[in-house]
Amino acid sequence: MPLISTKTKKNLVVGAGFSGAVMAERLASVLGEDVLVIDKKTHLAGISYDYKENGINVHKFGSHIFHTNHEFIWKYLNRFSKFDVYSHRVLVSALGQSVNLPLNLNSMYELFPKALAERIEAKLIRKYGYDERVPFVEFKTNFFKDKDLDFLSSYVYQNIFCGLYKKWKGPSCDALSDFIKEKNSIHISKDNRFYKSKYQGLPAFGYAKLIENMLNHKNIRVLLGTDFKTVDRESFDRVFYTGPIDEFFNFKYGMLNYRSAWFDFEELDAKEYQKAGVVNYPNDYDFIKIHEFKHYNSRRTSKFESIKKDTQSTQNTLRTIIAKEYPTDFIPGKNERLYPVLDEKNLKLFSLYKAEAKKADNVYFLGRLGDFKYYSMDGAIKRALELFDSVKFKAAIEFCNEQGRENALNRV
């Protein structure tokens with residue numbers, strides 16, 4: 001039953017990733033309105049898209065691990081898919097050692113001789129306490145520097161973060177400035193999890209299936225492989241646009257910059273290739289990381305999909321699939337916009353497009369590309385739910401105004 005009884009409105013949602021899917025599902029389920037969802041891609045779930053290959057769930061655009069501290073987001077998603085419990089671990093290969101990332105007390109013992117590691121651990125706990133996060137730059141800015149902590153800060157920047165920044169952002173980037181600005185920290189703990197969120201895991205049958213379940217509603221129609229420019233947007237009451245905001249306005253002020261990546265997939269004759277789902281390589285090779293998707297595999301069934309159990313579980317198969325990730329600039333028509341370049345030039349350019357967006361009647365921009373902002377998956381969902389609440393509130397006001405006009409006419 002719709003929350004607000006209005007005349008049925010027609011909505012166009014551009015993009016079938018998390019942002020678009022959440023908006024479409026809420027419009028259909030809560031307001032009872034008709035929704036057409038379109039996407040240029042020929043698959044659902046945007047850059048979270050995954051697929052099965054030889055029993056292994058492969059993430060096409062690199063590892064995607066869902067995590068959130070928001071109970072309402074966790075409960076919302078669990079309406080459409082069960083989640084397998086999974087705690088993500090990431091390693092970084094530095095000077096021949098596989099070191100936990102984020103760096104923690106365990107990392108110190110992997111990097112340094114025992115005596116030095118013990119000394120650093122004792123000083124960190126004494127000065128900052130346990131289970132605290134301390135930016136490495138803190139060890140450089142104290143008036144009275146500690147030589148061990150000063151050494152630690154310089155060492156991890158030179159041997160880990162400098163290489164990661166230059167690979168990811170390009171060799172001309174100011175790695176030291178980024179290292180300081182982003183407050184890269186050591187976690188004074190022995191917790192090896194990459195994410196510390198209360199809720200984390202992977203949808204039991206993948207992200208594409210989760211999105212499919214969200215869009216499985218009588219009021220929702222989905223057209224994949226469909227360009228926004230081929231659709232008559234004037235025939236819709238509202239447009240929710242999760243595509244590139246600069247493209248919507250035909251790049252009238254110029255093109256916003258993004259970083260991208262290409263992935264070299266390999267199927268290997270091995271039960272396991274590496275000890276974690278992701279291993280970073282800051283200094284060696286041209287790729288920045290290797291993903292091994294077998295670490296994320298589910299062996300469960302759920303009410304959302306009926307399948308036969310494999311005679312041999314995926315975890316026990318003797319083959320594995322990895323992807324080497326090579327960072328590169330975004331090139332239109334060649335690769336995907338993955339990460340917005342949030343420098344002064346691009347932010348100024350985006351402000352011009354944002355001003356244009358405010359002039360567009362009944363057009364709402366959201367998502368990573370529409371907002372020109374990096375979102376985690378839970379961040380994208382939260383943004384879509386908040387935008388829906390504002391749309392719902394506006395619809396309620398319109399309904400009250402319509403009822404008021406009708407009542408006035410009836411009294412005449």
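The structure displayed is predicted, hence computed values, not measured ones. If you read the sequence from its start, that first residue is 1, and numbering goes on from there.
Under a 4.0 Å N-O distance rule, the pair Asp150/Lys147 does not qualify as a salt bridge. Between Arg133 and Glu138 there is no salt bridge, since no side-chain nitrogen of the basic residue lies less than 4.0 Å from a carboxylate oxygen of the acidic one. Under 4.0 Å is where a charged nitrogen must lie from a carboxylate oxygen, and between Lys167 and Glu325 no such pair does. Using a 4.0 Å cut-off between a side-chain N of Lys or Arg and a carboxylate O of Asp or Glu, Asp343 and Lys345 do not qualify as a salt bridge. Looking at Glu212 and Lys209, a side-chain N of the basic residue comes within less than 4.0 Å of a carboxylate O on the acidic one, giving a salt bridge. Salt bridge status for Lys10 with Asp237: absent, with no side-chain N to carboxylate O gap under 4.0 Å. A salt bridge is absent between Lys348 and Glu344: the closest approach of a Lys/Arg side-chain nitrogen to an acidic carboxylate oxygen does not fall below 4.0 angstrom. Of the charged side-chain nitrogens involved, at least one lies within less than 4.0 Å of a carboxylate oxygen, so that Glu182 and Lys169 count as a salt-bridged pair. Between Glu53 and Arg319, no side-chain nitrogen of the basic residue sits less than 4.0 Å from a carboxylate oxygen of the acidic one, so the salt-bridge criterion is not met. Taking 4.0 Å as the cut-off between side-chain N and carboxylate O, Glu33 and Arg238 count as a salt-bridged pair.
Heavy-atom minimum distance, Pro203 versus Ser81: CB-OG, 3.6 Å. Heavy atoms only, all atoms of each residue included: Phe139 and Ile186 are closest at CZ-CG2, 4.1 Å.
Side-chain rings of Phe161 and Tyr157 stay apart, their centers remaining 6.0 Å or farther from each other. Taking the six-membered ring for Trp and the full ring otherwise, Phe151 and Phe112 have centroids separated by under 6.0 Å. A ring-centre distance under 6.0 Å is not found for Tyr49 and Tyr207. Aromatic ring centroids of Tyr339 and Phe330 lie 6.0 Å or more apart. Outside the 6.0 Å centre-distance limit, the rings of Tyr364 and Tyr241 are not counted as a close aromatic pair. Taking the six-membered ring for Trp and the full ring otherwise, Tyr86 and Tyr195 have centroids separated by 6.0 Å or more. Ring pair Phe293/His295: centre-to-centre distance not below 6.0 Å.
No side-chain donor-acceptor contact under 3.5 Å links Asn11 and Asp34. Residues Ser48 and Lys60 bring no donor and acceptor atom of their side chains to less than 3.5 Å of each other. Between the side chains of Asp191 and Asn104, not a single donor N or O lies within less than 3.5 Å of an accepting N or O. A side-chain donor from one of Asn54 and Glu267 sits under 3.5 Å from a side-chain acceptor of the other.
Ser376 contributes a side-chain N or O that, together with a main-chain N or O of Gly379, makes up a donor-acceptor pair within less than 3.5 Å. In this structure, the side chain of His217 engages the main chain of Asn219 through a donor-acceptor pair within 3.5 Å. With Ser153 contributing its side chain and Phe136 its backbone, the two residues share a donor-acceptor pair below 3.5 Å. Put simply, the side chain of Ser235 never gets that close to the backbone of Arg233: no donor and acceptor are under 3.5 Å apart. Judged by distance alone, the side chain of Asn283 and the main-chain N or O of Asn159 form a donor-acceptor pair under 3.5 Å. Looking only at distances, a side-chain donor or acceptor of Thr230 sits under 3.5 Å from a matching main-chain atom of Asp227. Between the side chain of Asn346 and the backbone N or O of Leu342, no donor-acceptor pair lies under 3.5 Å.
Using a 4.5 Å cut-off on side-chain heavy atoms (C-beta onward), Ile65 and Leu202 make contact. Within the 4.5 Å cutoff, side-chain heavy atoms of Asn78 are placed close to those of Phe83. Leu77 places none of its side-chain heavy atoms less than 4.5 Å from the side chain of Phe72. Under the 4.5 Å side-chain criterion, counting only non-hydrogen atoms from C-beta, Tyr353 is in contact with Phe251. Contact of the Leu103 side chain with the Val156 side chain is registered, since non-hydrogen atoms from C-beta on lie closer than 4.5 Å. In this structure, the side chains of Lys166 and Cys173 come closer than 4.5 Å at one or more pairs of heavy atoms. For the pair Met108 and Leu152, the minimum side-chain heavy-atom distance is below 4.5 Å. When side chains are defined from C-beta on, Phe287 counts as touching Tyr281, because their heavy atoms get closer than 4.5 Å.
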query: Should His70 and Asp378 be marked as a side chain to side chain contact (heavy atoms under 4.5 Å, CB included) after you check the CA-CA gap, both sets of side-chain angles, and the distance that decides it?
result: CA-CA 8 Å; His70 299 291; Asp378 80 316; 3.9 Å; yes

Q.
Quick one, Asp50 with Asn57, criterion side-chain hydrogen bond (donor to acceptor under 3.5 Å, both in side chains). Give me CA distance, side-chain angles, the key distance, then yes/no.
A. CA-CA 6 Å; Asp50 49 9; Asn57 206 46; 3.0 Å; yes

Self-check item: Stepwise side chain to side chain contact (heavy atoms under 4.5 Å, CB included) test for Tyr258 and Leu256
Solution: CA-CA 7 Å; Tyr258 292 81; Leu256 293 165; 4.2 Å; yes

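Heavy-atom neighbours of Lys123 NZ from other residues, nucleotides or ligands within 6.0 Å: above the threshold of 12.
Atom-to-atom distance recorded for His64:NE2 and Phe18:CZ is 9.0 Å, nearest 0.5 angstrom. Between Asp131 atom CG and Lys196 atom NZ the span is 9.0 Å, to the nearest 0.5 Å. Here Ile47 contributes atom CD1 and Leu369 contributes atom CG; the two are 8.0 Å apart, rounded to the nearest 0.5 Å.
Looking at residues two or more places apart in sequence or on another chain, you find no ring pair (Phe, Tyr, Trp, His ring centres under 6.0 Å) involving Tyr109.
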